[in-house]
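Predicted model, so just to flag it, every value in this text is computed and none were measured. Index from 1, following the sequence. All values below come from the heavy atoms of this structure, side chains included, with hydrogens, waters and symmetry mates left out.
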Amino acid sequence: MAARILVAGIGNIFLGDDGFGPEVIRHVGIDDPDVRVVDYGVRGMHLAYDLLDGCDILVLIDALPDRGAPGQVQIFEVDHEAPETTPALDAHGMDPAAVFASLHALGGTPPRTVVIGCQVETVADGIGFSDPVRRAVPAATQAVAYTVTMLRGHHGALSGSAD
């Protein structure tokens, strides 16, 4: 049986670069009945409830905090057993850790989770991206296609940069 994959774009389009996840989702074109692509925006509870319905793998597309390289696209897996060793995901109010906590409270467990994120330059009020984040959208879109292909082929480790 093929793995069911949920590709979820998260972020607030009204906070500059934080809208990265929804923007990337607009450009993802995956035609596979076992892959669902959804723009969740800031609807964390909606994502938690959808995870209760079941999927084998979650691919989160999100803005990452600025660590000195705005526009850098990174791919990494979330270690649900040791979240303190996982890079921070929250550059905004839609905190994936809160989604996973809600999922646990609802009786579910998080699936294998891969994050494709981009370091932000700004999350100030306003619509639109900084230049480095705007330039990163095509690379992130390709990273989604690559990641899904890799996950469909085998379940090996994924991590690195997609610049």
- Locate the shortest heavy-atom distance separating Pro70 from Glu121; write the atom from each residue and the value. CB-CB, 3.8 Å
- Message: Using the side-chain hydrogen bond (donor to acceptor under 3.5 Å, both in side chains) criterion, which residues pair with Asp50? Sequence neighbours excluded.
- Response: Arg36, Tyr40, His46
- Message: Once rounded to the nearest 0.5 Å, what's the spacing between atom CG of Leu51 and atom CG of Leu103?
- Response: 5.5 Å
- Of all pairs that satisfy salt bridge (Lys or Arg N to Asp or Glu O under 4.0 Å), the ones with a partner from residues 96-105, not counting sequence neighbours: none
- Item | Over all atoms of both residues, closest heavy-atom pair of Ile75 and Ala143 | CD1-CB, 3.9 Å
- Message: Let me confirm one number: the CD1-CD1 distance from Ile116 to Ile61, rounded to the nearest 0.5 Å.
- Response: 4.0 Å
- Query: Are any side-chain N or O atoms of His80 and backbone N or O atoms of Arg112, one a donor and one an acceptor, separated by less than 3.5 Å?
  - Reply: no
- Message: Could you walk me through whether Leu151 and Val59 satisfy the side chain to side chain contact (heavy atoms under 4.5 Å, CB included) test, starting with their C-alpha distance in whole Å, then the side-chain angles of each, then the deciding distance to 0.1 Å, before giving a yes or no?
- Response: CA-CA 10 Å; Leu151 292 168; Val59 178; 3.8 Å; yes
- Any residue meeting side-chain contact (heavy atoms from CB on, under 4.5 Å) with Ala69, in chain and number order, not counting sequence neighbours: Gln72, Gln119
- Considering residues at least two apart in sequence or located in another chain, which fulfil the ring-ring contact (aromatic ring centres under 6.0 Å, His included) criterion with His104? none
- Nearest heavy-atom neighbours spanning Val73 and Ala139: CG2-CB, 4.5 Å
- Message: For a quick test of reading the model, state the closest non-hydrogen atom pair linking Ala8 to Ile25 and the distance between them.
- Response: C-CD1, 4.2 Å
Residues 123-135, side-chain donor-acceptor partners within the protein, below 3.5 Å, at least two apart:
{"from": "Ser130", "atom 1": "OG", "to": "Asp17", "atom 2": "OD1", "distance (Å)": "3.2"}
{"from": "Ser130", "atom 1": "OG", "to": "Asp17", "atom 2": "OD2", "distance (Å)": "2.8"}
{"from": "Asp131", "atom 1": "OD1", "to": "Arg134", "atom 2": "NH2", "distance (Å)": "2.2"}
{"from": "Arg134", "atom 1": "NH1", "to": "Phe129", "atom 2": "O", "distance (Å)": "3.0"}

- Message: Counting C-beta onward and ignoring hydrogens, is there a side-chain heavy-atom pair between Leu106 and Tyr49 closer than 4.5 Å?
- Response: yes
- Message: Tell me whether Phe14 shares a hydrophobic cluster with Ile10, the cluster being built from Ile, Leu, Val, Met, Phe, Trp, Tyr side chains joined at under 4.5 Å.
- Response: no
- Message: Applying side-chain hydrogen bond (donor to acceptor under 3.5 Å, both in side chains), can you list everything that pairs with Asp32, at least two apart in sequence or on another chain?
- Response: Arg152
- Query: Closest approach of His27 and Thr141, non-hydrogen atoms and distance?
  - Reply: O-CG2, 3.4 Å
- Task: Would you give the length of the straight line joining atom CG of Leu47 to atom CZ of Phe100, rounded to the nearest 0.5 angstrom?
- Result: 7.0 Å
- Say you draw a straight line from CG of Asp18 to SG of Cys118; how long is it, rounded to the nearest 0.5 Å? 11.0 Å
- Joint hydrophobic cluster, Ile13 plus Val120, side-chain heavy atoms closer than 4.5 Å: no
- Nearest non-hydrogen partners of Gly41 and Asp39, listed with the distance: N-OD1, 2.9 Å
- Message: If we ignore hydrogens and angles and just use 3.5 Å, is the side chain of Thr147 paired with the main-chain N or O of Ala145 as donor and acceptor?
- Response: no
